[in-house]
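Input: a single structure, listed below in structure tokens.
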Amino acid sequence: MQANSEELKVSDGIFQGWQQTVNLIAELASIPAALIMRISHDSIQVFATSESENNPYDRGMTEPLGQGLYCETVVAEQSQLLVPNALINNDWNQNPDIALGMISYCGLPLNWPDGKPFGTICMLDSKENCYTPQALKLLDRFRETIETDLRIIFEKHSFEQANLQLEARIAERTQELEDLNRKLSKEIDRRNASEHTLQYNQQYDALTGLANRSSLMHSLEAQLEQLNPVRSGIAVLYLSLTNFKSINNSYGHVIGDTVLRELARRIQNNLDHHQFAARIIGDEFVIITQPSKPEQTTCQDFKEQTLDLAQQISKLCQKAFHINGHSITVIANIGIAMAPHDGLEASALIQKAGAAMAASKEAELNYGFFSEATEALINQRYLLETHLADALENDELMLHYQPLICTKTGATVGAEALLRWFSPVLGNVRPDQFIHVAEQTGQIIQIGNFVLRSAIRQASRWHKQYPADFRIAVNISPIQFKDDQFADYIAELLDCYQLPARYLEIEITEGVLIEDEHRAIKTIRTIQELGVRTSLDDFGTGYSSLSYLKKYTFDTLKIDRSFIANTVDNIQDQKLVRSIISIARSLDLQVVAEGIETTEQDSFISQEGCDFGQGYYYGKPVPGDVFAIRYLKNNHTKQKAVKVCAIQNSPTNNKAAG
């Protein structure tokens, strides 16, 4: 039986998805109205309408056909219709939508799988609008998604009709067919939703709705390919917020995210059709601009236009953000690189703009152009990248180990593995210099795996040579932690080197937790189910440290060295450390004090009941063979003392494993 498409109903679940679709189109395209229209034999109806400001269309509004409506034309001609300004277009200056204030239109047809029209998906604006290529591409992508939903509705109806016919003849098969139909429909819905989410995440930033790094690179590369070096140019503006970490620490990450969303909205609303904005990471944004009239614009004119844009963006940032009763001001630095003068490769231009941003930040300027001085910064980074690429292969990376001391017995009960790099060309390179480079180049996963593998292998050797409850602690990069294979890799290493899981401790910093709470909870739980310990590193330095204790199950807290440094003379720091230890005790957590450098600091944490200490007072980080001679041989003779203080199967571990 052929389905009558006009009688087919759209489920509430699918309609909610369509409602989210038009809301998202209106937000990303910065327009007052995005609609899904449904047509019948004599009229057309507003089926879904964006919940955006100044949208004159209500759901259910109906107009008879034959008036020359935009959407009626799209359905009739089965093609895209783009009307930038109906007021100056003789074909459209009498269109009924003008009375509602809508003078620009862009729409695409929506069809059932049998070719019959469902209606349209469209965007309308109260001002002249040519609509950006990104907006047009977004509209077409959502058209595909909606037509997939229509196919599901259509096929589901067909299945139901087939089931009704079969029921009269084969009653015993009806339930099986209905169950199969439901499973197929759910699987189709699930797959389509997954594909839609994947496609969106591949192109857009989930937090702000702006393009992501991948879309930025694709767009910039395309523009550079079409660039006429004589008549036109491209400017890349790299924006970073100097005080964003302070905002997160002071107000929390929820408000910090709101600041980023509002800033993205301000930037997007300030741009013209020939300009493009993206969020590439954290609080860093990139804006691409070209001359609006290339044939009439000289290089100097374009440079001045770019400077004007930088000043406008800077003012947008300086305007206070009013969020939840707080008035928040951000400090932005902008670096500018221009093609063809500064290069014709997308990655090089972005890198140079980033270097110019770093230079302007150092000089305490709001913005600055790429110059020879910033070239030196890039050359230094290139040098680090070049030599870091071969550092693992050439065995230039190694681990040093710093002892973890029991405050009750003075025994060494563990060690923290710390990465060191000695380059034959660059000499000793500090971790704070090369870790950031490794994270940006993607090498951090390979380096992080090297650290884990080396630390577990070393701990396994020590455990066999000096049997004792001795744990090895490894700090994890946020990027490494987001790897879906991270927990599996730990399990493989523990099995390979036959190290009991309780002798490994994964140190997690605030940076690991702030980006994806759901992923963090899942990964920490999986790690703990293996029997591996987890510790919250640098506790007390972040705004949300206490909230992390509520959301996540840790085994250990590590008090940041900034609280320990002044405990001898500063009563306030003494109270803070005492409070942290008390909180840990109440939650059955163990406490490590970092940065112990004096006898007085050691005495203080011992008196306050802190379980462990770590710092130069007990020993500096040293290579593994030195560590074994200096700490483990003597420690082996004190096993009874060690067992009093070392980590057994703690209640938190048992709880996590259960």
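Residues: numbered from 1 along the sequence shown.
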**Message:** Taking CD in Gln318 as the centre, count heavy atoms belonging to other residues, nucleotides or ligands within less than 6.0 Å. Is the count above 12?
**Reply:** yes
**Item:** Gap separating the CD1 atom of Ile334 from the CG atom of Leu237, nearest 0.5 angstrom
**Value:** 6.0 Å
**Side-chain (Asn23) to main-chain (Ser52) donor-acceptor, under 3.5 angstrom** = no
**Request:** Work out which heavy atom in Ile98 is nearest to a heavy atom in Asn93; give both atom names and the distance.
**Result:** CD1-O, 3.3 Å
**Residue pair Ile267 / Ala277: nearest heavy atoms and the distance that separates them** = CG2-CB, 4.0 Å
**Asked** Got a donor-acceptor contact below 3.5 angstrom from the Asn212 side chain to the Ser214 backbone?
**Response** yes
**Donor-acceptor contact below 3.5 Å, side chain Gln78 vs main chain Val75** = yes
**Asked** Trp112: what forms a ring pair (Phe, Tyr, Trp, His ring centres under 6.0 Å) with it, not counting sequence neighbours?
**Response** Phe118
**Message:** Walk me through whether Leu150 and Asn111 qualify under side chain to side chain contact (heavy atoms under 4.5 Å, CB included).
**Reply:** CA-CA 8 Å; Leu150 293 176; Asn111 294 315; over 6 Å; no
**Message:** With no hydrogens and no angle check, just 3.5 Å: does a side-chain donor-acceptor pair link Ser30 and Asn269?
**Reply:** yes
**Asked** Roughly how far, to the nearest 0.5 Å, is CD of Gln268 from CG of Leu28?
**Response** 8.0 Å
**Side-chain touch Val429/Leu388, heavy atoms, less than 4.5 angstrom** = no
**Item:** Inter- and intrachain pairs under side chain to side chain donor-acceptor pair (under 3.5 Å), touching residues 275-284, at least two apart
**Value:** Asp205-Arg279, Tyr238-Glu284, Gln275-Thr289
**Donor-acceptor side-chain pairing of Asn55 and Thr49 below 3.5 angstrom** = yes
**Asked** Is Arg143 salt-bridged to Glu147, cutoff N-O under 4.0 Å?
**Response** yes
**Asked** So do the side chains of Tyr131 and Leu139 get within less than 4.5 Å of each other, counting heavy atoms only?
**Response** no
**Message:** Return the OG to CG distance between Ser104 and Asn89, rounded to the nearest 0.5 Å.
**Reply:** 12.0 Å
**Complete:** Between Glu51 and Gln19 the two heavy atoms that sit nearest each other are CG-NE2, 3.5 Å
**Request:** Please answer whether the main-chain N or O of Ile281 pairs with a side-chain N or O of Arg213 as donor and acceptor at a distance below 3.5 Å.
**Result:** no
**Message:** On a heavy-atom basis, which atom in Ala356 and which in Phe369 lie closest, and how many Å separate them?
**Reply:** CB-C, 3.9 Å
**Message:** Test your reading of the model: is there a side-chain donor-acceptor pair from Thr120 to the backbone of Cys122, 3.5 Å cut-off?
**Reply:** no
**Heavy atoms of other groups near Lys361 NZ, more than 12 under 6.0 Å** = yes
**Asked** Side chains of Glu53 and Pro32: closer than 4.5 Å at any heavy-atom pair?
**Response** no
**Message:** Looking at His274, is its backbone amide N or carbonyl O close enough to the side chain of Asp272 to form a donor-acceptor pair, meaning the two atoms are under 3.5 Å apart?
**Reply:** no
**Residue pair Tyr204 / Leu138, side-chain heavy-atom distance below 4.5 Å** = yes
**Item:** Min side-chain heavy-atom separation Phe244-Leu260 under 4.5 Å
**Value:** yes
**Item:** CG-CG distance between Leu418 and Asn475, expressed to the nearest 0.5 angstrom
**Value:** 8.5 Å
**Prompt:** Do you know the tightest heavy-atom contact between Asn428 and Phe422?
**Reply:** OD1-CD1, 3.2 Å
**Item:** Separation between CG of Asn95 and CE of Met102, rounded to the nearest 0.5 Å
**Value:** 12.0 Å
**Message:** Is it the case that the ring center of Phe47 lies less than 6.0 angstrom away from the ring center of Trp18?
**Reply:** yes
**Request:** Using modelled atom types only, decide if a donor and an acceptor are shared between the side chain of Asp140 and the backbone of Leu136 within a distance under 3.5 Å.
**Result:** no
**Request:** Examine distances only and state if a side-chain atom of Ser219 and a backbone atom of Ser215 form a donor-acceptor pair shorter than 3.5 Å.
**Result:** no
**Intermediate values then yes/no, side chain to side chain contact (heavy atoms under 4.5 Å, CB included), Ile31 and Asn129** = CA-CA 9 Å; Ile31 54 174; Asn129 193 337; 3.7 Å; yes
**Asked** Which pair of non-hydrogen atoms, one from Leu349 and one from Gly343, has the smallest distance, and what is that distance?
**Response** CD2-O, 3.7 Å
**Prompt:** Would you say Ser360's side chain and Asn366's backbone share a donor-acceptor pair under 3.5 angstrom?
**Reply:** no
**Item:** Side-chain touch Cys71/Leu35, heavy atoms, less than 4.5 angstrom
**Value:** no
**Gln300 and Thr298: side chain donor to acceptor below 3.5 Å** = no
**Verdict with reasoning, Asn324 to Thr258, per side chain to side chain contact (heavy atoms under 4.5 Å, CB included)** = CA-CA 10 Å; Asn324 292 357; Thr258 305; over 6 Å; no
**Complete:** When rounded to the nearest 0.5 Å, the distance separating CG of Leu216 from CD of Glu221 is 9.0 Å
**Request:** Give a yes or no on whether His273 atom NE2 has more than 12 heavy-atom contacts from other residues, nucleotides or ligands under 6.0 Å away.
**Result:** no
**Asked** Under 3.5 Å, is there a donor-acceptor pair between the side chain of Thr73 and the main chain of Leu69?
**Response** yes
**Item:** Intermediate values then yes/no, side chain to side chain contact (heavy atoms under 4.5 Å, CB included), Tyr57 and Met37
**Value:** CA-CA 11 Å; Tyr57 301 95; Met37 306 293 292; over 6 Å; no
**Pairwise side-chain contact, Arg519 with Asp484, heavy-atom cut-off 4.5 Å (strictly under)** = yes
**Beyond-backbone contact of Asp483 with Gln480, side-chain heavy atoms, under 4.5 angstrom** = no
